[in-house]
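Here's the structure, in structure tokens; my notes come after.
Note on naming: letters A, B, ... go to the chains in the order of the sequence lines (proteins, then strands), and numbering restarts at 1 for each one. Below, each value reflects all heavy atoms present in this structure, side chains not excepted, and no hydrogens, waters or symmetry copies.
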There are 2 protein chains.
Amino acid sequence: MRIGELAARAGTSTRTLRYYESRGLIGSRRAVNGYREYDEDDLRQVREIRALLDFGFGLEETRPFVECLRAGHDAGDACPASLEVYRRKLAELDACIDRLRDVRERLRRQLAVADSAHAAPEPRCGLAPHPGD
Amino acid sequence: MRIGELAARAGTSTRTLRYYESRGLIGSRRAVNGYREYDEDDLRQVREIRALLDFGFGLEETRPFVECLRAGHDAGDACPASLEVYRRKLAELDACIDRLRDVRERLRRQLAVADSAHAAPEPRCGLAPHPGD
DNA sequence: GCTGGCGTTGACGCCGACGTCAAGGTCTAC
DNA sequence: GTAGACCTTGACGTCGGCGTCAACGCCAGC
């Protein structure tokens, strides 16, 4: 298949595929007219890349997975190098989540304090608050 | 004080302060020689911006807080507009955390599956596994 | 008056994963 | 033969929050 079909079947753009090739992630045979030619294996490699990017991987981090597929394995994560990346990303993810939860808690407290301060900027001076106020 | 001192006291750079000014976030009086002049209020505004950026706010999202300070309030989050941003960011944060936890779980499962497949790619063919293998 | 440390504006660089446009070649269908 | 749908390479644009450099002005101390 040619690049347009590959892009469509992988749910991405031709520009993206050429970009991956420029990074050395995927290869390409050329037809006599210079057009890039791809097969089903290429499709699987691109889908692997896309799935990992969706997981928040950087493009470089998908490289071991792609190479693992090219080496003939039926899964990109069948190789030690891929597992190493898995573990690294998992640790990063944990750290990121912890950080965000910390921020969320601080934010929540800020909001609570600011909210209450805004609800009662100063004592109400003896007037009972109106029910619908 | 001049821009160098403000930068040092706010823990940032002069370039950053000029950038904030170019975005209209902070103002500046000028001395007769054209130098920017700042006071303690400016310092507090810059510190407010920095604190919010550390929380993952975008620069634009700090604007209500800065304006709140400039309006004379003693806290950047004393105004309704700031609280609105708080709430929005809190919701974004929740969504982001949920998303990351989902990814983490998927990743964890992938790792578990791939790990076990790697540990036992095929039956051991009758040889008992070595204890330290 | 000269050095050095401050300040000024303006402009380009960076990162990552592409989008978008330009100017052309190729192939198919009519 | 020509329209138009595909392909090619190359290059610039995007987003945010600045870093970094250039080329210059101002001011204090020696």
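- For B:R106, the CZ atom is loosely surrounded, since the number of other residues' heavy atoms within 6.0 Å does not exceed 12.
- In A:R99, the CZ atom is not crowded: 12 or fewer heavy atoms of neighbouring residues, nucleotides or ligands sit closer than 6.0 Å.
- Proximity of a side-chain donor or acceptor of B:E37 to a complementary backbone N or O of B:S28 within less than 3.5 Å is not detected.
- Computed from C1' positions of five pairs at each end, the angle between the two local axes of the helix from C:dG1-D:dC30 to C:dC30-D:dG1 equals 40°, rounded to 10 degrees.
- With rounding to whole Å, A:L53 atom CG is found 11 Å from C:dC18 atom C1'.
- More than 12 heavy-atom neighbours from other residues, nucleotides or ligands sit within 6.0 angstrom of CZ on A:R108.
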> What string of B, S and - do you get for nucleotides 3-16 of chain C 5' to 3' if you count protein non-hydrogen atoms under 4.0 Å?
Replying inline: ---BSBB-B-----

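- Separating the CZ atom of B:R63 from the C1' atom of D:dG17 is a distance of 14 Å, rounded to the nearest angstrom.
- Rounded to a whole Å, the CD1 atom of B:I49 is 16 Å from the P atom of D:dG16.
- When atom types are taken as modelled, the side chain of A:R70 and the backbone of A:D41 share no donor-acceptor pair closer than 3.5 angstrom.
- In this structure, B:I26 atom CD1 and D:dG17 atom C1' are separated by 14 Å, rounded to whole Å.
- Between the side chain of B:R44 and the main chain of B:G76, no donor-acceptor pair closer than 3.5 Å is present.
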Donor-acceptor pairs under 3.5 Å, side chain of residues 48-55 of chain B to any protein atom, not counting sequence neighbours: which ones?
residue : atom : partner : partner atom : Å
B:R50   : NE   : B:Y20   : OH           : 3.3
B:R50   : NH2  : B:Y20   : OH           : 2.8

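- Side-chain N or O atoms of A:D42 include none that pairs as donor or acceptor with a backbone N or O of A:Q45 at under 3.5 Å.
- Rounded to whole Å, atom C1' of D:dC18 lies 8 Å from atom OH of B:Y20.
- Of the side-chain N and O atoms in A:S13, none sit less than 4.0 angstrom from OP1 or OP2 of C:dC18.
- Going from atom CG of B:L52 over to atom C1' of D:dG17 covers 15 Å, rounded to whole Å.
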